[in-house]
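Accompanying notes for the structure given below.
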Amino acid sequence: MAQFSVNANRYDPYKNFKFRVKWDGKYVAGISKVGMLKRTTEVVEHREGGDPSTVRKSPGQSKYEPITLERGVTHDSDFEKWANKVWSFNNAQAAADSRTQEVSLADFRKDIIIDVFNEAGQKVISYNVFRCWVSEYQAIPELDASANAVAIQSVTLQNEGWVRDEAVVEPGEPSYEEPAA
């Protein structure tokens, strides 16, 4: 069976370097790395007394692993604002009579979308990730005066599951002629 139904001459799988992440209806700037989407289902083992000396196995509870998003440190505060909805230092440290809230219960969870694009920039795969919240936020990395690297910030997102968006289908890949010299 062909791996690609619309582009039968394509043999190469999609690359992992063209993607975007969206929440609150807009793409988030500068994300350079997205952790894997991984689901694990526990195995329940059981055996009846009259069975042969082997164990039966059946599926148990499923869980979805956290997803880490990374990007270079800039003045964009989207990561920090979301992390502060889970726990706000300023509100937690305020005097008891002026403390507003430590957690923004109404909106600390967000659904996100992870879009994957082919080399031509066409959306080819999309995943909807549900009820995400920031369990870990790294504002700046370890700083090193001898290093030569981009400063990276990250968020780790707990989630309650994901599904592939079946409405995103394989696009016809473009072809063009080189312009005349």
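Source: prediction; values computed, not measured.
- Contact check for Gln153 versus Tyr137: side-chain heavy atoms found under the 4.5 Å cut-off.
- Contact of the Val134 side chain with the Glu80 side chain is not registered, since no non-hydrogen atoms from C-beta on lie closer than 4.5 Å.
- Residues Tyr27 and Asp115 bring a donor and an acceptor atom of their side chains to less than 3.5 Å of each other.
- In this structure the side chain of Ile113 reaches within 4.5 angstrom of the side chain of Ser126, judged on heavy atoms.
- In this structure, Tyr64 has its ring center under 6.0 Å from that of Trp162.
- Proximity of the aromatic rings of Trp133 and Trp82 is defined here by a centroid distance below 6.0 angstrom, and this criterion is not met.
- For the pair Pro174/Gln122, a side-chain contact is recorded, criterion being any heavy-atom separation below 4.5 Å from C-beta on.
- Side-chain atoms of Val34 and Val21, non-hydrogen and from C-beta on, do get closer than 4.5 Å to each other.
- In summary, Asp24 and Lys110 engage in a salt bridge, as defined by a charged side-chain N under 4.0 Å from a carboxylate O.
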Lys85 vs Asp107, test: salt bridge (charged side-chain N to carboxylate O under 4.0 Å, His left out). Steps then yes/no.
CA-CA 7 Å; Lys85 287 183 177 289; Asp107 60 354; 2.9 Å; yes
Would you please test Ile112 and Lys22 for side-chain contact (heavy atoms from CB on, under 4.5 Å) and show each step? CA-CA 6 Å; Ile112 69 169; Lys22 184 188 287 188; over 6 Å; no
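- With respect to Arg10, the side-chain hydrogen bond (donor to acceptor under 3.5 Å, both in side chains) criterion is satisfied by exactly one of Glu170, Glu173, Gln3: Glu173.
- Nearest heavy-atom pair across Gly121 and Lys18 is N-NZ, 4.2 Å.
- Ionic pairing of Lys15 and Glu119 is present here: one or more N-O contacts between side-chain nitrogen and carboxylate oxygen are shorter than 4.0 angstrom.
- Under the 3.5 Å distance criterion, the side-chain polar atoms of Asn7 are left unmatched by any main-chain donor or acceptor of Gly172.
- Between Lys123 and Asp165, no side-chain nitrogen of the basic residue sits less than 4.0 Å from a carboxylate oxygen of the acidic one, so the salt-bridge criterion is not met.
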- Message: For a side-chain contact (heavy atoms from CB on, under 4.5 Å) check, start with the C-alpha distance between Asp78 and Lys26, then their side-chain angles and the critical distance, and finish with the verdict.
- Response: CA-CA 11 Å; Asp78 283 348; Lys26 64 182 177 107; 3.4 Å; yes
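- Side-chain contact annotation: Ser32 with Glu70, donor-acceptor N/O pair under 3.5 Å absent.
- Side-chain contact between Phe4 and Tyr14 is present, with at least one heavy-atom pair separated by less than 4.5 Å.
- Side-chain heavy atoms closer than 4.5 Å link hydrophobic residues (I, L, V, M, F, W, Y) into clusters, and following such links, possibly through other members, connects Phe19 to Trp23.
- Using a 4.5 Å heavy-atom cutoff, the side chains of Arg71 and Ile152 are not in contact.
- In this structure a side-chain-to-backbone donor-acceptor pair under 3.5 Å is present from Asp144 to Ser146.
- Annotation: cation-pi geometry not satisfied between Arg20 and Phe117 (NZ/CZ under 6.0 angstrom from ring centroid, within 45° of ring axis).
- Closest heavy-atom contact between Thr41 and Gly60: CG2-O, 3.6 Å.
- The closest side-chain heavy-atom distance from Ile114 to Leu37 is below 4.5 Å.
- Tracing side-chain contacts under 4.5 Å through hydrophobic residues (I, L, V, M, F, W, Y), one never reaches Leu69 starting from Val73; they form parts of separate clusters.
- Taking the charged nitrogens against the carboxylate oxygens, Glu160 and Arg109 do have a contact shorter than 4.0 Å, which makes a salt bridge.
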